[in-house]
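A quick write-up on the structure given underneath.
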2 protein chains.
Amino acid sequence: MPIDDEAGSGAAFSQSLERGLMILSSFSETRPVLGIADISRAVTLNKSTTYRYVATLARLGYLHQDPETKKYSLGPKVVDLGFAALNSLEINRVAAPCLQSLADESGYTVSMAVLDGPDVVYVERRRSGRAAGGFAISLNLHVGSRLPAYCTSMGKVLLAHLEPAVLRALLDRTDFARRGPKTLTNREQLTAALAKIRQTGVAVNDEELAAGLRSVAAPVRDRTGRVVAAINIAVHLTVWATTADTVVARLERPLRHTAAEISTRLGYR
Amino acid sequence: MPIDDEAGSGAAFSQSLERGLMILSSFSETRPVLGIADISRAVTLNKSTTYRYVATLARLGYLHQDPETKKYSLGPKVVDLGFAALNSLEINRVAAPCLQSLADESGYTVSMAVLDGPDVVYVERRRSGRAAGGFAISLNLHVGSRLPAYCTSMGKVLLAHLEPAVLRALLDRTDFARRGPKTLTNREQLTAALAKIRQTGVAVNDEELAAGLRSVAAPVRDRTGRVVAAINIAVHLTVWATTADTVVARLERPLRHTAAEISTRLGYR
DNA sequence: CTCGCCGTTCGAACTGTTGAAACGCTCTGT
DNA sequence: ACAGAGCGTTTCAACAGTTCGAACGGCGAG
């Protein structure tokens with residue numbers, strides 16, 4: 001066992017599996033097509049070792065090889081898995097209709113996300129017919145997208161309800177990069193914001209991720225009371241939404257209502 | 001190398017990786033939460049071996065363990081991968097807007113799918129605002145869904161354009177189970193249908209998958225002329241759509257147009 | 001024609017993997 | 001209280017799957 005990461009769990013581990021998965025995740029939206037040599041460099045493995053794993057992945061349908069170029073891309077099996085994962089989150093099944101209603105009523109895009117380490121992952125997303133596209137296109141946001149938690153409304157909600165020790169560990173390894181005009185660029189600002197979120201129960205993103213983009217988020221709890229997800233309403237800069245306060249005033253109520261509705265359906269009292 | 005499958009490729013293969021992936025795919029929409037013992041039985045592996053792989057998957061974020069029940073479910077990393085895969089299919093990027101237009105114009109649900117072995121996998125799906133839900137709910141169809149090719153319009157289009165040898169191999173291991181009132185339940189019927197599809201260029205599904213459900217599909221070609229995907233329009237039984245012919249008459253034209261449009265954007269002349 | 005890079009194959013050295021057994025735990029029925 | 005069954009987890013020596021350098025044949029560029 002070469003691996004002796006921090007947090008001394010380190011006992012049971014499969015090197016081969018890790019390497020195979022490293023290869024799978026070396027494919028991304030920005031690098032969708034790779035050859036053996038590309039992959040081998042990306043994961044720093046011997047070329048023939050890489051080849052054996054890639055051949056395995058291809059044989060099992062996780063990778064697809066273009067017969068002409070000999071290069072590989074992700075296969076349909078991976079799509080399968082991804083959607084099995086999405087549907088596993090029982091939360092989606094109960095939340096989807098609530099989110100749709102909220103989108104229809106408010107006329108804006110509503111999303112739901114969970115926390116994965118320092119990132120949020122979108123697990124559901126509903127647009128009202130009225131508000132087409134907008135920032136979703138510029139940011140290329142969709143179900144499955146990842147965004148750093150510290151600069152999103154849902155991320156801040158989720159961080160705010162983490163156990164202090166876990167939160168501290170997370171913040172230790174987050175880089176407060178400036179993403180928008182008003183990004184919280186240091187730990188103190190974020191910690192203060194989280195405290196306020198714990199008080200008020202909602203988080204606001206006021207152009208912290210991108211210019212002209214504001215959102216309000218609220219927590220979703222399961223039957224044990226744990227915050228398992230967050231939902232938000234996002235609004236692009238418009239004639240009426242000129243300050244964060246205006247946005248909150250208009251959207252907080254229906255948002256809270258929907259979050260509460262979903263929580264209730266998950267068994268939270 | 002213990003494996004010596006048919007089709008003597010069998011050289012480079014990683015047992016460990018295969019086993020790890022078997023574990024991942026033992027999770028499904030119907031079995032979203034599994035314990036070590038469940039998995040071990042499902043993949044017929046020794047319990048401790050299973051444990052080691054599961055621990056690895058969990059450590060890397062592909063599985064999530066509920067701290068209370070100790071049971072596992074698919075993690076966000078898998079969702080990531082799935083969407084990376086979807087976006088890798090560059091075809092989606094170019095097709096999505098065309099499909100949306102077609103959905104809006106026709107007022108029906110349009111889909112796109114690729115072939116994976118004997119199944120079709122939905123890779124894109126657009127509903128017009130008008131036609132809400134319907135069979136999509138009863139069949140629980142969504143992007144990532146799999147359906148046997150022989151009883152779907154898109155599946156038949158894709159089968160029709162396969163190389164004869166590949167097609168034969170596929171048909172050898174398909175079970176022509178009855179799925180709807182008019183399912184093609186033997187090889188001869190299907191082969192005849194495929195011949196007609198090659199002639200006309202479109203495939204029709206006339207209640208072969210489910211009662212009251214009809215659809216028309218057309219092929220999408222890439223720059224090399226190969227059929228890489230199919231698109232369809234599906235229509236629920238309604239007042240005007242009482243026979244397959246009526247449906248075709250009304251939808252064939254716009255469908256062909258959109259399929260051609262997408263093919264052109266992929267570089268097909 | 002040569003060079004360089006590619007995907008792929010080979011094989012002996014070796015190291016990560018295997019699986020039975022046992023641990024501590026929580027239930028369930030007695 | 002108790003025994004038993006089942007669970008997730010840990011251990012370890014024997015083993016078998018994996019590793020990586022080297023080499024092959026094909027391809028495109030110079």
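Only a predicted model underlies this, so the values are computations on that prediction, with no experimental measurement involved. Order of the sequence lines sets the chain letters (A, B, ...), proteins ahead of strands, with each chain counted from 1.
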Please check the phosphate of [N] (OP1 and OP2 only) for any side-chain N or O of [X] closer than 4.0 Å.
{"X": "A/Thr49", "N": "D/dC20", "result": "yes"}
{"X": "B/Ser48", "N": "C/dA21", "result": "no"}
{"X": "B/Arg52", "N": "C/dG16", "result": "no"}

Report task. Kindly write out the residues that satisfy ring pair (Phe, Tyr, Trp, His ring centres under 6.0 Å) with B/Tyr150, not counting sequence neighbours, or none if the list is empty. Result ->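 Counting only residues at least two positions away or on another chain, B/Tyr150 forms a ring pair (Phe, Tyr, Trp, His ring centres under 6.0 Å) with B/Phe176.
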
Query raised in the report: Shortest non-hydrogen contact from A/Ala217 to A/Met154?
Result: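 For A/Ala217 versus A/Met154, the nearest heavy atoms are CB-N, 3.6 Å.
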
Query - Residue pair B/Val228 / B/Asp222: nearest heavy atoms and the distance that separates them - result: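 Minimum heavy-atom contact is CG1-OD2, 3.5 Å.
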
Query - Divergence of helical axes at both termini of the helix from C/dC1-D/dG30 to C/dT30-D/dA1 - five pairs an end, 10° steps - result: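 Here the helix ends are tilted 40° relative to one another.
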
Query raised in the report: Counting only N and O atoms by type, is there a donor-acceptor contact under 3.5 Å from the side chain of B/Ser40 to the main-chain atoms of B/Leu45?
Result: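 Pair found, side chain donor or acceptor close to backbone of B/Leu45.
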
Short heteroatom pairs, N/O only, protein and nucleotides 3-7 of chain C, under 3.5 Å:
from  : atom 1 : to      : atom 2 : distance (Å)
C/dG7 : OP1    : A/Ile36 : N      : 2.8
C/dG7 : OP2    : A/Ala37 : N      : 2.8
C/dG7 : N7     : A/Lys47 : NZ     : 3.4
C/dG7 : O6     : A/Lys47 : NZ     : 3.4

Query raised in the report: Which residue pairs satisfy the salt bridge (Lys or Arg N to Asp or Glu O under 4.0 Å) criterion with at least one member in residues 148-164 of chain B, sequence neighbours excluded?
Result: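 For residues 148-164 of chain B: B/Lys156-B/Glu208.
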
**Report entry** Which nucleotide in C/dC10, D/dG17, D/dT19 has an atom nearest any side-chain atom of B/Gln15
**Finding:**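 The nucleotide sitting nearest to the side chain is D/dG17.
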
Report task. Could you please name the option among C/dT18, C/dT9, C/dA20 that lies closest to any side-chain atom of B/Ser16? Result ->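 Nucleotide nearest to B/Ser16's side chain: C/dT18.
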
Find the distance [X]:[atom1] to [N]:[atom2] and express it as a whole number of Å.
{"X": "B/Tyr53", "N": "D/dG8", "atom1": "OH", "atom2": "P", "answer": "18 Å"}
{"X": "B/Leu17", "N": "D/dT19", "atom1": "CG", "atom2": "C1'", "answer": "15 Å"}
{"X": "B/Asn46", "N": "D/dT9", "atom1": "CG", "atom2": "C1'", "answer": "13 Å"}
{"X": "B/Glu18", "N": "C/dT18", "atom1": "CD", "atom2": "P", "answer": "11 Å"}
{"X": "A/Phe13", "N": "C/dG16", "atom1": "CZ", "atom2": "P", "answer": "12 Å"}

Query raised in the report: So does B/Arg31 pair up with B/Asp38, basic N to acidic O under 4.0 Å?
Result: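 No, this pair does not count.
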
Query - For A/Arg187, all residues meeting salt bridge (Lys or Arg N to Asp or Glu O under 4.0 Å), sequence neighbours excluded - result: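 Here the qualifying residues are A/Asp172.
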
Requested in this report: Just grab all the side chain to side chain donor-acceptor pair (under 3.5 Å) pairs involving residues 73-84 of chain B, residues at least two apart or on different chains.
Outcome: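 Checked against side chain to side chain donor-acceptor pair (under 3.5 Å) - neighbours excluded - the pairs reaching residues 73-84 of chain B are A/Arg146-B/Asp80.
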
Query raised in the report: Would the A/Tyr53 and B/Phe13 ring centres measure less than 6.0 Å apart?
Result: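 They do not qualify: ring centres at least 6.0 Å apart.
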
